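For reference, the structure discussed in these notes is given below.
Since this is a predicted model, take the numbers as computed values, not measurements. Just follow the structure's listing: the first ligand is 1, and inside any ligand the first atom is 1.
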Amino acid sequence: MDHELRYLHANAIIEPLVDRFYAWMHTFTPVQASMNLAFLQVPLLESYLESPPAHVAACANPELRGGYFVNVPESRADEVKALVAAIRSERAAMLDFAESIAQAEQLLEENATGFDLTPLYAKLPPALSGLVELVYDTYNQPSLRFLEPLIYHSPAFIEARQSVQLSLETGIERPFILSTPRLPNPGVVDLPLPFRHQGIDALFGARLRPTTPAALREALEISDDETAAGLARLLAPEPPGRPERHIESGGRVRYFGHACLVLQSPEAAIITDPFISGDSTASGRYTYDDLPDHIDLALITHGHQDHIVLESLLQLRGRIGTVVVPRSSGGNLSDPSLALYLRRLGMDVTEVDTFDEVAFPGGEVVAAPFLGEHASLDIRAKSTYWIRLAGRSVFVGADSSGVDPALYRHVRSHLGTADMAFLGMECDGAPLTWLYQALLTRPVPKRMSDSRKLSGSDAAQAADIVTELGTREAYIYAMGEESWLGHVMATSYNESSYQLQQIDEFLSWAKAHGVTAEHLLDQREWRW
Ligand SMILES: [Fe+2]
Ligand SMILES: [Fe+2]
């Protein structure tokens, strides 16, 4: 049995964890992870321990969906208590690093008045020493610039925090990833592996090439029989994958849900913001079974947790040639480097700026600007893309907003008109503090936070983008509406939701102006 050839089950999923919290960029990149641990995750767990029933009740309340509440039954509160104790002792260096950042910001606020910053280096907390530069902008606003590559080699980056959980997708919505830690559960295989571990590639490679349970056990460094038995339950005798995952001629775009598109020609495949449903038994959606065996480029538009999705990237790492990411500003607290992050995950990465070109067999990708949608924070690691494949050009707009549509006129003057445009219209996004609270060491009044939403285009802005680009086909996507991604998005739309009304308004505008437009949901295919 251990030596019979097996494939990985189509529904196998991986959940990457750091200190048992589902990992996303800001809980991995060391500066942001330290702050999230110290100022969000530990306080959240402590709040839970004060009253587990209050948290559990809040999680059951649809009005509070996406809120920061821990969905762990009271009977398991002791495990949460042990988790907090372990974090306090084993992650002390990260907690100290975060506190040091808060102190250094205070130091700047009180002392950086436009005069020379040199004397302040001696007053920096020791944890930051050699890891930050003190700078002003030209308006004398001081800030800390983090020397990010060095910090990955400092005590603030603790790889031992990482582990993975393997299981079969049940189709039942998982707990919200930003707030509920994943405890051990029956039917779930816990492995203490760093995300870069090559055993993960061996496991997901077994979707394409059969292997033996014994070989996988060794690749994943599993020493006990019980864990090995759990692993064996994730394997199957038959290969997953549908023959239509490849094409023989022309071009094809498939919408996999949310911001994930797969563009194919017989020679090449490109995926955008990979985020794939793991439930191959569900109908009306594309899943891992529908992905081509080799993906030349994976394009990441920005660092939000619904666009750079580790559980999908880890599953695909072995079949993606290169991940294309936008360049960050380099050291700004709110703008961690996507390239450093993904290289740490063992991926081959190309970093791009606006109008940089990346060739692939039979086509090319050009990076284009991405405006707004980041609560007015100075976050540069965001890009839209222009993809030329099989004789068509496709504009991938992600959550970029039309706050200044003239931008798209400049894009058009350089790149021409796109045959198809994919636009996000999450036009009533979450407020500043929802995603960035741990990085804000000064209290932000609610009114200020609410004024700075993570919003994409509304109807008028989307119409302006389409007009400026001169495109005749526009598809609204990236709305987080698919039923299977609630654990990441926690969206709750209904018919009276502002966003859906705005989409309808845009569709009416498009009809009146002879533009083909659609609101995408679940699954869609275009062939030419
Ligand atoms: Fe976003
Ligand atoms: Fe998004």
Q.
Can you confirm whether Arg447 is buried at CZ, in the sense that more than 12 heavy atoms of other residues, nucleotides or ligands lie under 6.0 Å from that atom?
A. no
Q. Can you tell me if CZ on Arg343 sees more than 12 non-hydrogen neighbours from other groups inside 6.0 Å?
A. yes
(Q) Under the rule for side-chain contact (heavy atoms from CB on, under 4.5 Å), what residues qualify as partners of Arg412, not counting sequence neighbours? (A)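 Thr417.
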Q.
Can you classify the ring geometry of His302 versus His307 as parallel (below 30°), tilted (30 to 60°) or perpendicular (above 60°)?
A. tilted
**Q.** Atoms named by residue and atom, protein N, O or S, within reach of the Fe ion (ligand 1) (under 2.8 Å)
**A.**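 Under 2.8 Å from the Fe ion (ligand 1) - ignoring waters, which are not counted - the protein N, O or S atoms are His302 NE2, His304 ND1, Glu373 OE1, Glu373 OE2, Asp399 OD2.
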**Q.** Test: Glu482 and Arg285 ion pair at under 4.0 Å
**A.** no
**Q.** Distance flag, aromatic centroids of Phe355 and His414, threshold under 6.0 Å
**A.** yes
